[in-house]
Amino acid sequence: MTVKNLDDLLGEGVQGRYVLVRSDLNVPLDGDRITDDGRVRAALPTIKKLADAGAKVVVTAHLGRPKGEPDPKYTLAPVAKRLSELLGAEVALAGDLVGESAKALTGGLADGGVVLLENVRFDARETSKDAVDRSELAAELGALVPGGAFVSDGFGVVHRKQASVYEVASVLPAYAGGLVLAELDVLKKLTDDVKRPYVVVLGGAKVSDKLGVIANLLTKVDRLLIGGGMAYTFLKAQGYEVGQSLLQADQLDQVSGFLAEAEKRGVELVLPVDVLAATEFAADAANEVVDATAIPADRQGLDIGPRSRELFASKLADAQTVFWNGPMGVFEFEAFSGGTRAVAEALVKSEAFTVVGGGDSAAAVRQLGLPEDGFSHISTGGGASLEYLEGKELPGVTALEGKN
């Protein structure tokens with residue numbers, strides 16, 4: 001892969017030059033309060049390097065899933081505030097994306113200054129399935145930064161063919177940001193010359209979200225540990241009743257195929273042996289530990305049990321490479337966070353190359369107060385990581401290839 005990068009751009013000189021940066025600032029919010037600023041902190045180094053070098057930095061990003069029009073619930077105002085605090089300098093927020101406010105702020109930007117454009121998904125053309133629409137928006141973004149360059153640094157969106165990720169790379173000289181390159185470097189270590197045993201831990205709610213990655217990983221891993229809500233579809237496929245637990249009945253045939261494929265390939269597929277079975281989906285729900293093969297009809301599994309935690313930890317102990325994506329239970333509820341904590345702590349203790357695959361897993365690490373430096377890498381892009389491991393092309397990366 002031939003990609004020009006941030007260092008190449010800095011080497012060319014950016015003093016007084018506009019640089020449009022696509023960052024991933026899609027942070028979780030509670031009202032207007034950011035509950036996890038991990039993505040903001042991850043985006044900071046590229047923005048700071050450019051600002052320190054005297055560039056006029058224009059940042060574009062999305063937040064949530066607005067319906068192609070302005071929605072105050074999804075304003076980037078809390079992000080602009082946090083970015084200002086971390087950068088130690090004001091980051092002005094434009095009141096629109098490519099309108100009068102954006103034009104005024106970018107037009108008056110001083111060398112070393114930073115402007116954040118309002119949520120790019122407030123414009124329906126960003127996510128349009130029509131390439132003409134997306135190209136039109138990309139051209140308008142490019143017009144905000146005359147004579148400028150584009151730095152793609154939002155790894156969490158590089159699997160999307162969207163205007164600010166894909167088409168804009170054809171409008172401006174394009175470069176890969178440090179975060180995107182670091183993420184790709186880590187993912188290559190999970191696919192090329194992997195140190196073994198190679199263990200993957202998958203959790204989260206739905207098997208259907210991870211069909212492709214499971215199918216691909218079964219050809220590569222030595223051990224696959226399945227927890228979270230998706231484990232109950234695996235247990236059901238083995239013939240066990242799962243009570244009121246989350247179940248994707250339409251995936252049972254697919255999961256049965258995975259079980260057969262794992263056995264055929266000699267991949268050790270590990271499922272929970274006990275679960276915390278609750279009376280309802282609630283933080284204070286009454287619960288008891290039951291065998292995973294004997295979940296009562298009126299109960300639902302909300303976390304893996306203590307024997308499963310020990311089992312999973314033991315299966316991680318000798319690993320040399322580990323990829324983890326998805327919590328083991330409803331970690332947002334303290335009573336059902338123990339399984340996720342057990343897996344995370346096993347990785348912290350491990351001497352393996354350990355990668356936390358973004359999304360809820362990364363949020364869990366921070367929410368549970370675990371040391372981020374206890375892992376080799378915490379990804380900022382759950383979906384992008386999974387699609388890469390599934391063997392799919394990432395449009396936001398292919399758009400940069402061969403750009404000179």
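Both backbone and side-chain heavy atoms feed into the values below; hydrogens, waters and symmetry mates do not. Positions are given from 1 along the sequence.
Looking at heavy atoms from C-beta onward, V21 lies in side-chain contact with L50 at the 4.5 angstrom threshold. Looking only at side-chain heavy atoms (C-beta outward), L29 and L63 come within less than 4.5 Å of each other. Side-chain contact check for E126 versus L137: some heavy-atom pair is nearer than 4.5 Å. F323 has its side chain within reach of N325: a pair of non-hydrogen atoms, C-beta onward, lies under 4.5 Å apart. When side chains are defined from C-beta on, R17 counts as touching E12, because their heavy atoms get closer than 4.5 Å. Using a 4.5 Å cut-off on side-chain heavy atoms (C-beta onward), R223 and D318 make contact.
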Go through the steps for R125 and E140 under the test side-chain contact (heavy atoms from CB on, under 4.5 Å), then give the verdict.
-> CA-CA 11 Å; R125 295 174 295 176; E140 290 180 27; 2.8 Å; yes
side-chain hydrogen bond (donor to acceptor under 3.5 Å, both in side chains) between S308 and D274, intermediate numbers included = CA-CA 6 Å; S308 299; D274 61 348; 2.7 Å; yes
Stepwise side-chain hydrogen bond (donor to acceptor under 3.5 Å, both in side chains) check, D30 with T35 | CA-CA 6 Å; D30 180 4; T35 57; over 6 Å; no
Output, in order, the C-alpha distance, side-chain angles, deciding distance and verdict of salt bridge (Lys or Arg N to Asp or Glu O under 4.0 Å) for R299 and E288.
-> CA-CA 9 Å; R299 298 288 179 109; E288 61 180 332; 3.5 Å; yes
Chi angles and distances behind the side-chain contact (heavy atoms from CB on, under 4.5 Å) call for V145, L172 | CA-CA 9 Å; V145 292; L172 298 167; 3.7 Å; yes
Give the intermediate values and the outcome of side-chain hydrogen bond (donor to acceptor under 3.5 Å, both in side chains) for residues S208 and Q248.
-> CA-CA 8 Å; S208 56; Q248 287 189 283; 2.8 Å; yes
Chi angles and distances behind the side-chain contact (heavy atoms from CB on, under 4.5 Å) call for K67, Y74 = CA-CA 10 Å; K67 300 185 175 171; Y74 296 114; over 6 Å; no
Take Q300 and L246 through the side-chain contact (heavy atoms from CB on, under 4.5 Å) test and state the conclusion after the steps.
-> CA-CA 7 Å; Q300 55 184 300; L246 186 63; over 6 Å; no
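In this model, a donor atom of one side chain and an acceptor atom of the other lie less than 3.5 Å apart for S164 and R22. With 3.5 Å as the limit, one finds no donor-acceptor pair spanning the side chains of H62 and Q162. Using modelled atom types and a 3.5 Å distance limit, the side chains of S385 and S379 yield a donor-acceptor pair.
Side-chain atoms of S337 do not come within 3.5 Å of backbone N or O of F331 as any donor-acceptor pair. Put simply, the side chain of D291 never gets that close to the backbone of T293: no donor and acceptor are under 3.5 Å apart. No donor-acceptor pair closer than 3.5 Å links the side chain of T46 to the backbone N or O of A43. Between the side chain of T354 and the backbone N or O of S376 there is at least one donor-acceptor pair closer than 3.5 Å. Between the R309 side chain and the I304 main chain, a donor and an acceptor come within less than 3.5 Å of each other. No donor-acceptor pair under 3.5 Å is formed between the side chain of Y18 and the backbone N or O of F150. Put simply, the side chain of T75 never gets that close to the backbone of P72: no donor and acceptor are under 3.5 Å apart. Panel note: side chain R39, backbone D24; no donor-acceptor pair is recorded below 3.5 Å.
Atom CD of E85 sits in a crowded spot, with more than 12 heavy atoms from other residues, nucleotides or ligands closer than 6.0 Å. Taking a 6.0 Å sphere around CG of D253, one finds it holds 12 or fewer heavy atoms contributed by other residues, nucleotides or ligands. For E334, the CD atom sits in a loose shell: 12 or fewer heavy atoms of surrounding residues, nucleotides or ligands are nearer than 6.0 Å. Atom CZ of R196 is surrounded by more than 12 heavy atoms from other residues, nucleotides or ligands within 6.0 Å. Summarising the local packing, NZ of K210 is surrounded by more than 12 heavy atoms from other residues, nucleotides or ligands at distances under 6.0 Å.
Evaluated for a side-chain contact (heavy atoms from CB on, under 4.5 Å) with V199, the options V221, L225, D222, L224 yield exactly one hit, L225.
Checked against the 6.0 Å centroid threshold, F333 and F281 count as a close aromatic pair.
Note that CG of L394 is 8.0 Å distant from CG of L187, once rounded to the nearest 0.5 Å. We find the OG-CH2 distance between S361 and W324 to be 5.0 Å, quoted to the nearest 0.5 Å. Atom CG of L144 is separated from atom CG of L141 by 6.0 Å, given to the nearest 0.5 angstrom. Annotation: the span from D36 atom CG to I34 atom CD1 amounts to 9.5 Å, rounded to 0.5 Å. For the atom pair CG of L190 and NZ of K195, the computed distance is 12.5 Å after rounding to the nearest 0.5 Å. Going from atom CE of M328 over to atom CG of D303 covers 9.0 Å, rounded to the nearest 0.5 Å.
Contact detail for P327 and T340: the closest heavy-atom pair is CB-OG1, 3.6 Å. In this structure, V322 and L347 approach most closely via the heavy-atom pair CG1-CD2, 3.5 Å. Nearest heavy atoms, V213 versus E390: N-CG, 3.6 Å. Shown here for A319 and S350, the closest heavy-atom pair between the two residues is O-OG, 4.3 Å. Shortest non-hydrogen contact noted between A61 and S23 is CB-O, 3.5 Å. The two atoms that bring S152 and L400 nearest to each other are CB-CD1, 3.9 Å, heavy atoms only.
The list of side chain to side chain donor-acceptor pair (under 3.5 Å) pairs with a residue in residues 86-102, not counting sequence neighbours, is empty.
Cation-pi geometry between K4 and Y175 is not met: the NZ or CZ atom fails to fall both under 6.0 Å from the ring centre and inside 45° of the normal.
Salt bridge status for D52 with K48: present, with a side-chain N to carboxylate O gap under 4.0 Å. A salt bridge is absent between D209 and K206: the closest approach of a Lys/Arg side-chain nitrogen to an acidic carboxylate oxygen does not fall below 4.0 angstrom. One finds no salt bridge joining E310 and R307 here, because no Lys/Arg side-chain nitrogen approaches an Asp/Glu carboxylate oxygen to under 4.0 Å. A salt bridge between D32 and K73 is absent, with no side-chain N of the basic residue lying under 4.0 Å from a carboxylate O of the acidic one. The pair R341-E345 meets the salt-bridge criterion, since a charged nitrogen lies less than 4.0 angstrom from a carboxylate oxygen. Electrostatic pairing of D123 and R134 does not count as a salt bridge here, judged by no charged N lying under 4.0 Å from a carboxylate O.
Ring pair F234/F258 is parallel by interplanar angle, where below 30° counts as parallel and above 60° as perpendicular.
With sequence neighbours excluded, the residues that form a salt bridge (Lys or Arg N to Asp or Glu O under 4.0 Å) with K315 are E268. For E241, the salt bridge (Lys or Arg N to Asp or Glu O under 4.0 Å) criterion is met by K236, not counting sequence neighbours.
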